[in-house]
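Here the structure is laid out as structure tokens; the discussion comes afterwards.
A note on names: the letters A, B, ... follow the listed sequences, proteins ahead of strands, and every chain is numbered from 1.
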Number of protein chains: 2
Amino acid sequence: MTADIEKIIAKSQESCASTGNKLTNKRKKVLMVLLNSALPLSAYDIVDRYKEQFQESLPVMSVYRMLDFLIKEKLVHKLETASQYISCSHITCNHQHEMPQFLICDRCGGVKEVGIKKAIIEELEHSIRSTGFLLTHKQLELHGICKQCKIQSA
Amino acid sequence: MTADIEKIIAKSQESCASTGNKLTNKRKKVLMVLLNSALPLSAYDIVDRYKEQFQESLPVMSVYRMLDFLIKEKLVHKLETASQYISCSHITCNHQHEMPQFLICDRCGGVKEVGIKKAIIEELEHSIRSTGFLLTHKQLELHGICKQCKIQSA
DNA sequence: TCAGCTATGATATAACATATCATTCATAAA
DNA sequence: TTTATGAATGATATGTTATATCATAGCTGA
């Protein structure tokens, strides 16, 4: 595994430890599968890649449980609109966990986790709160065509 | 059916006619099932309610096709994060179809289609466009707890 | 060491969605 | 009026995503 991934894994270990939880070997390998993928993966995709990458099969039920764990630890995001999972791109940056924002390309399936200007997000949150609604999930998923795909089709 | 629903159906007929398409009897009844429901429904829910309300069964395949049609006609929205369908709350208002915004209550399952201040939405869209991403789907789905449920649990 | 808890496995099934071919039905040209 | 055409719907099968539940393994601390 690359140095980058090693660093991310180390940081993830710490992060779990700090919440009193354990990044077991299998959970770590599931996270690595996601880190190794440029595209978001479904739980069933993860089963397949896990087998390829580690010559070891994992029941899909276990994958779902491990994903739940990794999501709780904020190491992984679920793209609700795509039923796919992606590693958080901010594991190593001591980030505040603000509202994650994903631009999902419907052509290539790629996802970019972006940072929309904080002021805009705060206005948006404020506007929602003012209707009496309590935001709990805080995540934006927006669909379209990414820069690359746009250029290719031009 | 109530006068309100009659009015909405009439408007929907017109709207389809104007795009050269037909709101067939079955499509109309699927729309009515959604209009009669306070909560969003899955395609399979629609099959069940259709049978209850019209003593007539409809294959789920047909429901999906009719939903596709109604969505293209902008009479129905799909809540991607919930895999559920809901009638557009603006059928009768000669609305511009701007970015629809849904607040989805994870307690009661209720959905409110809200209008966030246009300026905020435009800033958001602009911010996304400026990354080179071409927004095509334009829909926000935000999850949390609605006012009612918040009050009840207080 | 063993009791108790957490993690994982195994199996079944539920819930959501699409592919494909057949049939029905409306419409309009002959 | 008949018939050809295309659109809408039905029927059937299957793919994909997700959860329920009970069993087993494995760690950890008394």
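The phosphate of dC16(C) (OP1 or OP2) has no side-chain N or O of Ser83(A) nearer than 4.0 angstrom. Of the side-chain N and O atoms in Lys26(A), none sit less than 4.0 angstrom from OP1 or OP2 of dA25(D). Side-chain N/O atoms of Tyr50(B) include none lying less than 4.0 angstrom from OP1 or OP2 on dT9(D). Between Lys78(B) and dA17(C) there is a side-chain N or O to OP1 or OP2 distance below 4.0 Å. Put simply, Thr24(B) has a side-chain N or O that comes within less than 4.0 Å of OP1 or OP2 on dT9(D). Between Arg27(B) and the phosphate of dT9(D), there is a side-chain N or O to OP1/OP2 separation shorter than 4.0 Å.
The nearest whole Å value for the distance from the CD1 atom in Ile71(A) to the P atom in dT19(D) is 10 Å. The CG atom of Leu58(A) sits 15 Å away from the P atom of dT11(C) (whole-angstrom rounding). Taking atom OH of Tyr85(B) as the reference point, atom P of dA15(C) lies 16 Å away to the nearest angstrom.
Gln13(A) is listed as a side-chain neighbour of Lys28(A), based on a closest heavy-atom distance under 4.5 Å. Side-chain contact check for Pro100(B) versus Glu113(B): some heavy-atom pair is nearer than 4.5 Å. Side-chain contact check for Leu140(A) versus Met99(A): some heavy-atom pair is nearer than 4.5 Å.
With respect to the salt-bridge test (charged N to carboxylate O, under 4.0 angstrom), the residues Glu73(B) and Arg27(B) do not qualify.
Taking 3.5 Å as the limit, the base of dA17(C) and the side chain of Tyr44(B) contain a donor-acceptor pair of atoms between them.
Using a 4.0 Å heavy-atom distance criterion, Met66(A) is classed as a sugar-phosphate-only contact.
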